[in-house]
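One structure is given here, and the rest of the page talks about it.
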Number of protein chains: 2
Amino acid sequence: MTERLLIALGGNAMTGPDGTAAPEAQRFAVQTAMERVADLVVSGAEVVLTHGNGPQVGELLVKNQLAAQVVPQQPLDLCDAQTQATIGTLIQGALERSLAVRGIDRRVAVLVTRTRVDPDDPGFARPTKPIGRYLPEHAARRYVEQGETWADFGAPGWRRVVASPEPLEVVDASAAEALAAAGFLVVAAGGGGIPVVRESGGALRGVEAVVDKDLAAAVLAPVVGVSTMVIATTVEHAMVRYGRPDAWPIERVTVGELRALAAAGHFAGGSMGPKVDAAIRFVEQGGRRAAITSLELIADAAAGKAGTVVEPDPA
Amino acid sequence: MTERLLIALGGNAMTGPDGTAAPEAQRFAVQTAMERVADLVVSGAEVVLTHGNGPQVGELLVKNQLAAQVVPQQPLDLCDAQTQATIGTLIQGALERSLAVRGIDRRVAVLVTRTRVDPDDPGFARPTKPIGRYLPEHAARRYVEQGETWADFGAPGWRRVVASPEPLEVVDASAAEALAAAGFLVVAAGGGGIPVVRESGGALRGVEAVVDKDLAAAVLAPVVGVSTMVIATTVEHAMVRYGRPDAWPIERVTVGELRALAAAGHFAGGSMGPKVDAAIRFVEQGGRRAAITSLELIADAAAGKAGTVVEPDPA
């Protein structure tokens with residue numbers, strides 16, 4: 001059986017150099033990223049893709065705010081949904097184009113995907129994930145009065161913070177699996193998935209939150225038969241003592257060694273921290289290999305030859 | 001084999017009484033609609049759902065406009081995509097909830113779906129589909145200067161008009177079929193699908209347009225093995241001489257009879273016209289039955305016992 005790979009694309013793979021989702025810059029960034037993914041498909045891999053949505057969901061919140069007097073605002077879970085479709089179909093078109101250029105006629109399917117979280121997750125009581133634009137305090141206070149949580153980030157101003165609860169289950173993973181089994185390259189769990197909680201009757205209800213996309217990918221991967229997960233970001237390696245003169249890049253590492261480095265506080269929360277955490281979880285749950293690297297190196301990283309490569313502890 | 005039904009839900013099934021997509025009103029409308037769809041599933045039907053997106057995509061355009069100085073605008077094809085995910089996941093949650101109440105544990109899958117159109121479709125040269133809010137002429141002229149087409153609708157003001165090209169192919173129909181074959185109830189081709197055109201190299205590119213959702217449904221239905229298509233709208237029947245004192249409701253009709261009534265100009269363009277056209281096309285392509293009726297009557301209409309029921313001409 002062909003190896004199935006999961007590639008988790010960082011938000012930087014989907015935005016222009018200025019960090020915004022301006023249509024042409026976004027298309028160009030996605031096309032560039034898909035060239036590398038197409039190389040992987042050519043090499044014989046079955047690929048499942050997930051992606052971040054930070055800049056895009058932030059822009060939707062700004063639109064909500066600025067149009068609030070004229071049209072209804074949509075809650076954060078539906079903004080998450082919106083970004084799955086927009087980024088998803090951009091990835092879809094770009095990857096099919098890159099494959100066609102390489103003589104491969106393959107279809108990409110984009111699945112709207114929910115991720116179940118715990119309604120009692122501590123993130124809801126104390127939101128920490130910053131999202132959207134910075135505003136001066138007086139402007140932020142208006143939204144606080146409407147029930148939102150905003151925090152003071154110093155010089156750049158105040159910014160909304162939302163819950164980033166732990167992903168417990170990618171609810172629609174079985175649909176992603178059905179599509180992969182039918183021969184589609186699948187885009188799923190974009191932006192970490194639409195966060196939902198289980199109601200007392202058993203049904204699922206959307207909640208205002210943003211799930212970390214790498215942690216969601218680690219939950220999705222085993223269900224869709226993925227043996228190798230690659231987290232694509234802006235740097236080639238996770239670093240020990242990042243930003244200090246005595247920093248060094250982590251190359252091959254066992255999951256136990258990486259857990260020890262994480263426990264020693266080497267990785268920043270909200271940045272490399274969740275990526276390292278996702279890689280650890282994936283390998284500990286039986287994954288053969290997780291890698292963290294830059295977009296350019298995903299093929300080599302998937303083969304264990306570039307980036308920070310995390311493998312199981314020796315038996 | 002269980003019968004496979006396609007239900008095309010009108011925009012009214014997804015908005016509040018004021019016609020806007022305010023979150024709670026939208027959730028309530030969708031939940032009400034899904035009670036009827038769940039009844040159909042209980043009766044043994046395999047259901048594929050499509051839905052309109054007029055009010056929702058209109059609201060996204062307003063948000064684009066009002067936030068244009070702060071965050072990039074997204075093109076109409078990506079706005080179409082956004083509404084597939086938001087309406088799709090609302091339908092998904094509501095239908096799973098309605099089924100759970102009836103003791104049925106079934107999953108609904110929402111597929112981001114593209115519809116291919118002809119780049120030379122006359123709709124692009126002469127856009128006719130009104131969308132978004134009315135504005136006074138001086139405000140509309142600003143957008144005309146940016147390249148948009150706006151038309152004077154008299155008393156309510158000016159309104160943007162966009163292309164509504166003919167659907168040629170639902171590109172992702174095979175993915176919808178794979179999901180249905182795997183046992184999922186499928187939501188696909190929402191808002192008529194994301195319009196795309198084929199580039200010279202064979203790849204697909206999004207274009208600014210809105211495809212009629214009933215015509216797209218008629219293209220999707222045969223590919224996903226649907227024998228009966230029900231178009232749910234606000235009225236129980238299509239009418240001959242609609243709005244006149246001598247109007248009468250069309251009940252059972254052959255496709256030839258309905259085509260003759262359509263040719264005689266009984267159905268308004270942009271309103272009942274495309275629904276009648278979609279029903280005719282579906283039956284002429286081999287569909288067993290198409291029905292046009294109100295949401296409350298979809299189960300009876302699927303059985304040929306309510307609404308305007310269109311069947312093949314006698315052999």
Side-chain angles (χ1 to χ4, degrees), chain A residues 20-23 25-26 58-60 62-67 69-75 77-79 81-86 88-90 92-93 96-97 100-101 105 107 109-114 133 171-172 174-175 177-179 181-184 187 194 196 199 201-206, chain B residues 20-23 25-26 58-60 62-67 69-75 77-79 81-86 88-90 92-93 96-97 100-101 105 107 109-114 133 171-172 174-175 177-179 181-184 187 194 196 199 201-206:
Chain A
T20 75
Q26 189 170 228
E59 291 181 6
L60 291 174
V62 173
K63 291 185 184 184
N64 260 339
Q65 290 164 1
L66 295 178
Q69 305 303 317
V70 183
V71 290
Q73 302 196 49
Q74 295 300 331
D77 51 317
L78 293 186
C79 295
Q82 292 184 0
T83 65
Q84 289 189 342
T86 53
T89 198
L90 289 172
Q92 179 180 51
E96 288 180 357
R97 180 177 296 111
V101 167
D105 182 23
R107 283 270 171 266
V110 181
L111 187 72
V112 177
T113 313
R114 298 164 294 177
R133 62 180 171 160
V171 179
D172 302 296
S174 56
E177 167 61 29
L179 288 166
F184 293 90
V187 183
I194 304 166
V196 296
E199 297 173 338
L204 298 164
R205 178 174 52 82
Chain B
T20 75
Q26 188 169 229
E59 292 181 7
L60 291 174
V62 173
K63 291 184 183 185
N64 261 338
Q65 290 165 1
L66 295 178
Q69 305 303 317
V70 182
V71 290
Q73 303 197 49
Q74 295 300 332
D77 52 315
L78 293 187
C79 294
Q82 291 183 2
T83 66
Q84 290 189 342
T86 53
T89 198
L90 288 174
Q92 179 180 51
E96 288 180 356
R97 181 176 296 111
V101 167
D105 182 24
R107 280 272 171 266
V110 181
L111 187 71
V112 177
T113 314
R114 298 164 294 177
R133 62 178 171 163
V171 179
D172 301 296
S174 56
E177 167 62 27
L179 288 166
F184 292 90
V187 182
I194 304 166
V196 296
E199 297 173 338
L204 299 165
R205 177 173 55 81

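Protein chains get the first letters and strands the later ones, always in sequence-line order, with residue 1 at the start of each.
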Let me know if [X] has heavy atoms under 4.5 Å from chain B in its side chain, its backbone, both or neither.
X	result
A/E96	side chain
A/R114	side chain
A/V196	neither
A/Q65	neither
A/I194	side chain

Smallest separation among heavy atoms of [X] and [Y], with atom names:
X	Y	result
B/S174	A/F184	OG-CZ, 3.5 Å
A/R97	B/L204	NH2-O, 3.1 Å
A/A175	B/L179	O-CD2, 3.6 Å

Original post:
Is there a side-chain contact between B/L66 and A/K63, using heavy atoms and a 4.5 Å cut-off?
Top reply: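 Result no, sub-4.5 Å side-chain heavy-atom pair not found.
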
Considering only heavy atoms, which portion of [X] lies under 4.5 Å from any heavy atom of chain A: side chain, backbone, both, or neither?
X	result
B/Q73	backbone
B/Q26	side chain
B/V101	neither
B/Q74	both

Subject >> Best-contacting candidate, B/P72, B/A109, B/G206, against chain A by heavy atom pairs under 4.5 angstrom >> reply: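 Between B/P72, B/A109, B/G206, the count favours B/P72.
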
**OP:** Output the option from B/Q92, B/E199, B/Q69 having the highest count of non-hydrogen pairs under 4.5 Å with chain A.
**Re:**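 Among the listed options, the one with the most contacts to chain A is B/Q92.
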
Most heavy-atom pairs under 4.5 angstrom with chain B, which of [options]?
options	answer
A/N64, A/L111, A/V112, A/L60	A/V112
A/A85, A/A67, A/A22	A/A85
A/D105, A/T113, A/T83, A/T89	A/T89

Original post:
Run the side-chain contact (heavy atoms from CB on, under 4.5 Å) check on A/V110 and B/D172 step by step: do they pass?
Top reply: CA-CA 9 Å; A/V110 181; B/D172 301 296; over 6 Å; no

